[in-house]
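Just follow the structure's listing: the first ligand is 1, and inside any ligand the first atom is 1.
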Amino acid sequence: MNVYEQAALLIKEANDVAAFTGAGISAESGIPTFRDPGGIWDQFDPEEFGTAQGIMSVMQRRPEVLREFLLNSVDTFQKAKINGAHRALAELEGMKKLFAVITQNIDNLHEDAGNVNVLEVHGNLFRSRCVSCNQRRSLNKDEFLNGARDVLEDRDNFSLQRVIEIMPRCSCGGLTRPDVVMFGEAVQRLEESYDAASRCDLMLVLGTSGAVYPAAALPHQAKQEGARLIEINPSENSYAGITDVYIKEPSGEAMPKVMDSLIKLMAH
Ligand code: APR
């Protein structure tokens with residue numbers, strides 16, 4: 001039995017599947033990961049670009065670098081489309097096999113693929129959060145990215161004020177920011193994620209280095225509660241000690257093969 005069939009058998013036998021995903025699942029959608037060679041934290045210092053204070057300081061000292069970083073991000077997110085791994089997780093939820101996707105990603109691609117129960121522990125770029133009253137509001141992805149591009153391409157008038165104006169005002173009149181979790185900020189939906197990790201009898205761990213806690217503890221929680229683990233990652237078995245099936249491939253290629261094997265298995 002090949003690894004795809006082994007993984008498919010575990011999914012077939014499972015009743016409550018949860019997925020835990022990281023930047024790697026969106027790599028084949030064109031969104032760079034953080035810690036791969038040449039990844040985001042290779043190009044940009046996480047101290048500066050991964051914290052709210054750092055971004056403000058880069059804005060003051062090197063506004064052109066921040067403008068480039070933001071424009072680069074807008075390009076990436078405008079081009080990003082769901083891939084075979086996102087589609088597979090949506091199919092599994094549609095089959096009532098999978099009840100939750102816990103994701104560290106902010107790119108909304110799981111929702112774009114059709115997953116409904118998505119627990120975003122690091123927030124979502126296409127949702128605003130009011131800095132005064134904390135009210136959250138979904139943003140229209142295209143409108144938000146096009147508005148950001150207009151501001152960022154206007155090099156001569158680039159300013160902090162104009163960056164702030166990319167975000168809509170809150171109904172309370174307050175300023176808003178993207179509802180993403182920067183380093184040092186509280187993660188979101190952690191309790192629900194722990195509950196999902198404890199409830200599942202199989203966890204699909206797709207595209208994560210398992211480097212950032214508390215999210216990285218979730219597969220361990222699942223294992224501790226008796227779940228089996230399937231990890232798909234082309235370069236590292238981040239959860240080697242607790243993985244039941246490890247597929248050393250890009251998830252966008254491997255997950256469709258696992259789904260093919262599952263369909264064959266369920267046909268019998
Ligand atoms: N398919 C599956 N996995 C992949 C692919 C792919 N096509 N390409 C790369 N990977 C793997 C890499 O081998 C690596 O193990 O995805 C993982 C990405 O790891 P990171 O870049 O560390 O991303 P992630 O695990 O999501 O980081 C967690 O760190 O910086 C913070 O908030 C950020 O949510 C992020 C968190």
Side-chain angles (χ1 to χ4, degrees), residues 3-4 7 19-55 69 73 76-77 79-89 101-110 113 118-127 177-190 193 197 203-220 229-243 245-259:
V3 281
Y4 316 111
F20 177 61
T21 68
I25 196 172
S26 297
E28 290 148 279
S29 300
I31 301 177
T33 61
F34 294 94
R35 294 174 184 81
D36 279 314
I40 295 174
W41 298 147
D42 259 1
Q43 302 171 54
F44 298 97
D45 176 355
E47 281 302 310
E48 287 193 309
F49 291 86
T51 65
Q53 300 84 335
I55 286 197
F69 173 77
S73 306
T76 300
F77 284 111
K79 289 180 197 137
K81 297 279 174 278
I82 62 171
N83 65 57
H86 297 108
R87 260 189 295 278
L89 294 184
V101 175
I102 306 163
T103 188
Q104 302 169 91
N105 302 339
I106 62 170
D107 56 32
N108 205 70
L109 290 180
H110 288 303
V118 182
L119 303 172
E120 298 161 324
V121 291
H122 294 160
N124 186 310
L125 181 63
F126 307 110
R127 187 170 58 234
R177 56 168 274 188
D179 187 25
V180 296
V181 176
M182 314 290 277
F183 284 118
E185 296 178 342
V187 296
Q188 300 179 6
R189 312 200 67 182
L190 195 59
S193 299
M203 182 174 270
L204 308 176
V205 180
L206 309 179
T208 185
S209 60
V212 175
Y213 285 80
L218 291 166
H220 294 288
L229 251 64
I230 296 169
E231 177 162 19
I232 303 179
N233 185 324
S235 49
E236 54 184 336
N237 186 186
S238 312
Y239 291 89
I242 55 171
T243 304
V245 174
Y246 170 52
I247 304 178
K248 192 174 178 54
E249 260 185 53
S251 45
E253 290 171 26
M255 274 307 288
K257 294 177 195 168
V258 170
M259 292 304 288

* To do: Return yes if a side-chain donor-acceptor contact under 3.5 Å exists between E231 and S238, otherwise no.
  =>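 Yes.
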In the protein, which heavy atom is nearest to [atom], and how far is it?
| atom | result |
| --- | --- |
| atom 30 (O) of ligand 1 | W41 NE1, 2.9 Å |
| atom 23 (O) of ligand 1 | A23 CB, 3.5 Å |
| atom 9 (C) of ligand 1 | D36 OD2, 3.2 Å |
| atom 35 (C) of ligand 1 | F34 CE1, 3.6 Å |
| atom 36 (C) of ligand 1 | V212 CG2, 3.7 Å |
| atom 1 (N) of ligand 1 | S251 N, 2.9 Å |
| atom 18 (C) of ligand 1 | G207 O, 3.8 Å |

* Just distances here: any N/O of N105 and N/O of ligand 1 closer than 3.5 Å? ->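 No, there is no polar N/O contact under 3.5 Å.
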* Asked: Is there at least one pair of N or O atoms, one from E249 and one from ligand 1, spaced under 3.5 Å apart?
  ->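 There is no such contact.
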Counting only heavy atoms, tell me which of [options] gets closest to [atom].
| atom | options | value |
| --- | --- | --- |
| atom 19 (O) of ligand 1 | G24, G210, S209 | S209 |
| atom 27 (O) of ligand 1 | E28, R35, Q104 | R35 |
| atom 4 (C) of ligand 1 | P250, A27, P234 | P234 |
| atom 14 (C) of ligand 1 | E231, E236, H122 | E236 |

* Under the salt bridge (charged side-chain N to carboxylate O under 4.0 Å, His left out) test, residues paired with E185 that sit two or more places apart ->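 Salt bridge (charged side-chain N to carboxylate O under 4.0 Å, His left out) check on E185 returns R177.
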Where is the tightest heavy-atom contact between [X] and [Y], given as atom of each residue plus distance?
| X | Y | result |
| --- | --- | --- |
| T103 | N105 | OG1-N, 3.0 Å |
| N233 | T208 | ND2-O, 3.3 Å |
| S251 | P256 | O-CD, 3.9 Å |
| P32 | I40 | O-CD1, 3.7 Å |

Quick one: does [X]'s side chain get under 4.5 Å of [Y]'s, heavy atoms only?
| X | Y | result |
| --- | --- | --- |
| N108 | F77 | no |
| I31 | L109 | yes |
| N237 | K248 | no |

* What part of A211, side chain from CB on, backbone N/CA/C/O, both or neither, has a heavy atom under 4.0 Å from ligand 1? ->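 Within the 4.0 Å criterion, A211 makes no contact with ligand 1.
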* **Part of T33 with heavy atoms under 4.0 Å of ligand 1, whether side chain, backbone, both or neither** =>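 Looking at T33 and ligand 1, atoms from backbone and side chain both fall under 4.0 Å.
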Could you tell me which atoms of ligand 1, counted from 1 in the order shown, lie closer than 4.0 angstrom to a heavy atom of [X]?
| X | answer |
| --- | --- |
| N233 | 3 (N), 11 (C), 12 (C), 13 (O), 14 (C), 15 (O) |
| T208 | 15 (O), 16 (O), 17 (C), 24 (P), 25 (O) |
| G22 | 26 (O) |
| F183 | 30 (O), 31 (C) |

* Asked: Among pairs that include at least one residue of residues 34-44, which meet side chain to side chain donor-acceptor pair (under 3.5 Å), considering only residues two or more places apart or in two chains?
  ->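 Listed once each, the pairs are T33-D36.
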* Residue from H86, Q104, H110 passing side-chain hydrogen bond (donor to acceptor under 3.5 Å, both in side chains) with T21 ->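 Passing option: H110.
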* Asked: Within the side chain of T51, is there an N or O that forms a donor-acceptor pair under 3.5 Å with the backbone of G54?
  ->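 Yes: the side chain of T51 pairs with the backbone of G54.
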